[in-house]
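Notes follow the structure.
Read the numbers this way: they start at 1 and go in the same order the structure lists the ligands and their atoms. Owing to the predicted nature of the structure, the values given are computational and were not obtained by experimental measurement.
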Amino acid sequence: MSILVVGTVAFDSIQTPFGKAEHCLGGSATYFSLAASFFTEVDLIAVIGEDFGDEDVAIFRGRNINLDGLKRVDGAKTFFWRGEYGYDLNVAQTRETQLNVFADFHPQLNEKQRKTDVLFLANIHPELQMDVLHQCERPRLVALDTMNLWIDTKHAELERAFSEVDLVVINEAEVRQFTREPNLVKATRQILALGPKTLVVKRGEYGVLLVSKNAIFAAPAYPLENVFDPTGAGDTFAGGFLGYLASRREVTDLELRRATIFGSVLASFTVEKFSLDRLREITLADVQERYHDFRSLTHFEDFEA
Ligand code: AMP
């Protein structure tokens, strides 16, 4: 089973209350691919500029990540994002976004990529997400992530995109922003009415809410003492979540719950250091161990009357 992802491979400059990192590795597809590759083979579709050196590409090597779909454009610059966080680490303030090579990226998928089993449309403009979706032949599962920039500037395109996918991974604030509905439960129902079967609402340090037509599941975030940089937590969550699902035969309620915990586990590692510094050093054994910690954290028995 493999998973195809389209999204950004980027350079980020990040400031948090605990420090800053200039021009470090980032991008929605970068975090996603590393996280998903713990469970399944990943086909990465993205574009980089001349400034993205072999030492940067090395982050993907030695993992289960196929780079046939990673294009380099000579004489152009890599996607760049500058973000800042205050003491509320759930809220990223975007200071600068340079699409650069992504402004007119029109990937042509090869036959293997078109036949992917699972497709993840990571955060990037919805036209590119749809371009890739329409080249694929009926994946078993299609999921999409987005952000406030595209909700502001491409609302209609995004609404159409929501109607074509099975699952949407989205932040709590973005759910409210998209629907203009303050009540989160009502807002998720509005998005589900557009077409997706499942909505995964990321709530930062408060965890995740999984909502489908007939079921709802809530998971807390792993209680960490040291959170340095929340950048990429959402994409890492999506990578753990979908990577795990792609490795399973069926998408059942039980598997969706396990996937939610794997996503949360992976995301909890990402935020412990800047950029991809923590995610790149962990092993599958670390992931499995924290999954078990999560289980004891959330387990409780029914009461006896
Ligand atoms: P998150 O998981 O939401 O924290 O995603 C952080 C990553 O998203 C950063 O590494 C950025 O490079 C990337 N990013 C920021 N803005 C955008 C955007 N408008 N489109 C695609 N990727 C973005």
Can we call the ring centroids of [X] and [Y] under 6.0 Å apart?
X: F52; Y: F11; result: yes
X: F39; Y: F262; result: yes
X: Y291; Y: F294; result: no

Counting each atom of ligand 1 from 1 as listed, which ones have a heavy atom of [X] under 4.0 Å away?
X: A233; answer: 2 (O)
X: G234; answer: 2 (O)
X: D12; answer: 9 (C), 10 (O), 11 (C), 12 (O)
X: T8; answer: 13 (C), 21 (C), 22 (N), 23 (C)
X: T231; answer: 4 (O), 6 (C), 9 (C), 10 (O)
X: G26; answer: 10 (O)

Kindly confirm or rule out an N or O of [X] lying under 3.5 angstrom from an N or O of ligand 1.
X: T97; result: no
X: F79; result: no
X: A10; result: no
X: Y31; result: no

| Matching residue for L167 among L199, T198, D145 - test: side-chain contact (heavy atoms from CB on, under 4.5 Å) | T198

| task | State plainly whether one hydrophobic cluster holds both F274 and L224, where clusters connect Ile, Leu, Val, Met, Phe, Trp and Tyr through side-chain heavy atoms under 4.5 angstrom apart. | result | yes

| note | Nearest heavy-atom approach of P220 to L297 is CG-CD2, 4.4 Å

| note | With heavy atoms and a 4.0 Å threshold, my read on which part of L149 contacts ligand 1 is side chain

| query | Hey, is M147 touching ligand 1 through its side chain, its backbone, both or neither, going by heavy atoms under 4.0 Å? | reply | side chain

| request: Going by heavy-atom distance to atom 4 (O) of ligand 1, choose the closest among G7, G232, S28, A92. | output: G232

| Once the angle between the rings of Y87 and F18 is folded into 0 to 90°, is it parallel (under 30°), tilted (30 to 60°) or perpendicular (over 60°)? | perpendicular

| field | Parallel, tilted or perpendicular, as decided by the 30° and 60° cut-offs, for the rings of F241 and F237 | value | parallel

| remark: Ranked by distance from atom 7 (C) of ligand 1, the top protein heavy atom is D235 OD2, 3.6 Å

| request: Looking only at protein heavy atoms, identify the closest one to atom 21 (C) of ligand 1 and say how far it is in Å. | output: N123 O, 2.8 Å

| field | Pair S28, T8: side-chain N/O donor-acceptor within cut-off below 3.5 Å | value | yes

| Close approach of W150 to ligand 1, heavy atoms, under 4.0 angstrom | yes

| Between D229 (side chain) and S275 (backbone), is there a donor-acceptor pair under 3.5 Å? | yes

